[in-house]
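Only one structure is covered here, and it is reproduced in the block below.
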There are 2 protein chains.
Amino acid sequence: MTQAAAGATGADGRDPEAVSRFVEHFAAQLVEAGLPRMPARVFAALLASDTGALTSSELGEQLKISPAAVSGAVRYLAQVHMISREREPGSRRERYRVHGDQWYEALTNREAILRRWEDALREGVTSLGPTTPAGRRLTETLAFFEFVEKEVAAMMERWREHREQRFGSGTSTRD
Amino acid sequence: MTQAAAGATGADGRDPEAVSRFVEHFAAQLVEAGLPRMPARVFAALLASDTGALTSSELGEQLKISPAAVSGAVRYLAQVHMISREREPGSRRERYRVHGDQWYEALTNREAILRRWEDALREGVTSLGPTTPAGRRLTETLAFFEFVEKEVAAMMERWREHREQRFGSGTSTRD
DNA sequence: CGCTTCTTTCAGAAATTTGTGAAGATACAG
DNA sequence: CTGTATCTTCACAAATTTCTGAAAGAAGCG
């Protein structure tokens, strides 16, 4: 019984059970917020890893999912810029990494979505008529989104500053 | 041919086709952002209505969906505070309304979600250890969310001010 | 150059989600 | 109190999504 003791640590100096508990719990929250299940689990696992980067097989093993599932999940995450892929030079292994800076941006970077909302609203204002009651409502909604878009950009700027001050520059975890 | 002419207006002074086009297009964007289909369509229809409020049967008719579907959709929307329900005093009809103020808040009011994320992260920091690399990453992530939570509140305050100035107070559409 | 190791793609099985019809509640009207 | 209009709930059918196993596709290494 070398590893199952209370709060025990695995071979790598971490308690795999505690890690798993956190991963599943946090992933569940992400799912509730709209992220597909597998991407959520993979992301949480990366977040909870020591180096902030894992290989495909490590992910599959830890989460008990097939290589195909890992592949699908990382493709999704990379597409929405929540992780980035790295190639290890001397190997065919690929490494998936969560990069502090990058994924904060991604979270707020519903920007593309915001844009499309704005486009749809502009079209609506035109086709319903800017002076109709509905048109006026759409105009105001549009103004809100434009406002938010600007504000979020400013907010992220402030965050970078804030973080710099509190945590020092760069990602807090490096290899 | 009283109503189908180009850009023509229906009996109610609006072009139903143009309205429908907007409704479906905007709803599609909302769906892409994660809203379930029916709620998205219902919401878009309300947004594009002249009074900003419709009854269940009006919604069902316009969107060609069953009363059950309307019921489910409005329940969802009310739950996330994107609309409110009103009782017409002299009738068993209920009216669903989009209230400018209210739904802007709702959109940014992922607050509940944010809170749960923060809770999960705090738990993770504790169980993985605040001084481990993973623990440090979680701490920073937590800080980010706390920062965002504060900032969003401030942003909404600024929005109210901004809107006041540009559109005058209150909802732009009243019965 | 072929072997080995890893990753991706593809088709299908399983589970989940979504919308409907029909029956059940609720509340006003006479 | 009975009748009627309106909304909600429930069980099921249909469509969509999700994950897996198996085979094909890259990329170093001998």
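Just so we're on the same page: letters track the sequence lines, and every chain starts at 1.
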Is any NZ, NE, NH1 or NH2 atom of the basic residue among B/Arg21 and A/Glu123 found under 4.0 Å from an Asp or Glu carboxylate oxygen of the other?
-> no
Per nearest nucleotide of DNA chain C, the residue lying toward the 5' end, A/Pro67 or B/Pro36, is A/Pro67
For B/Glu32 and D/dT17, what is the distance between atoms CD and P respectively, to the nearest whole Å?
-> 12 Å
May I have the step-by-step check of salt bridge (Lys or Arg N to Asp or Glu O under 4.0 Å) for A/Glu105 and A/Arg160, ending in yes or no?
-> CA-CA 10 Å; A/Glu105 311 280 351; A/Arg160 281 180 216 105; 2.9 Å; yes
Take the protein atom CG of A/Leu54 and the nucleotide atom P of C/dC6, then report the distance between them rounded to whole Å.
-> 15 Å
Looking at every strand, decide which applies to A/Arg85 at a 4.0 Å heavy-atom threshold: base, sugar-phosphate, or nothing.
-> sugar-phosphate
What's the CZ-P distance between A/Arg92 and C/dC3, to the nearest Å?
-> 16 Å
Salt-bridge contact A/Arg136-A/Glu140 (side-chain N to carboxylate O under 4.0 Å) | no
To the nearest Å, give me how far apart CG (B/Leu59) and C1' (D/dT6) are.
-> 14 Å
Between A/Ser66 and B/Ser71, which has a closest nucleotide on DNA chain D that is more 5'?
-> B/Ser71
Salt-bridged, A/Glu118 to A/Arg122, with N to O below 4.0 Å?
-> yes
Length of the line joining A/Arg75:CZ and D/dT18:P, which is rounded to integer Å = 12 Å
Determine: side-chain N/O of B/Arg87 to OP1/OP2 of C/dA27, distance under 4.0 Å, yes or no.
-> no
Would you mind checking if A/Arg95 and A/Glu88 are paired as a salt bridge, meaning a charged N to carboxylate O distance below 4.0 Å?
-> yes
Mind calculating the distance between CD (B/Glu58) and C1' (D/dC7) to the nearest angstrom?
-> 15 Å
Between P of C/dT7 and CD1 of A/Ile65, the distance in whole Å | 13 Å
Rounded interatomic separation in angstrom, taking CD from A/Glu88 and P from D/dC29 | 12 Å
Select base, sugar-phosphate, or nothing to describe what A/Ser56 touches, counting heavy atoms under 4.0 Å on all strands.
-> sugar-phosphate
Classify the nucleic acid contact of A/Tyr96 as base, sugar-phosphate or nothing, counting any heavy atom under 4.0 Å across all strands shown.
-> sugar-phosphate
Counting side-chain heavy atoms from C-beta on, which of C/dC6, C/dT9, D/dT18 comes nearest to A/Arg93?
-> C/dC6
Closest to the B/Glu94 side chain: D/dA22, D/dT8, C/dT20?
-> D/dT8
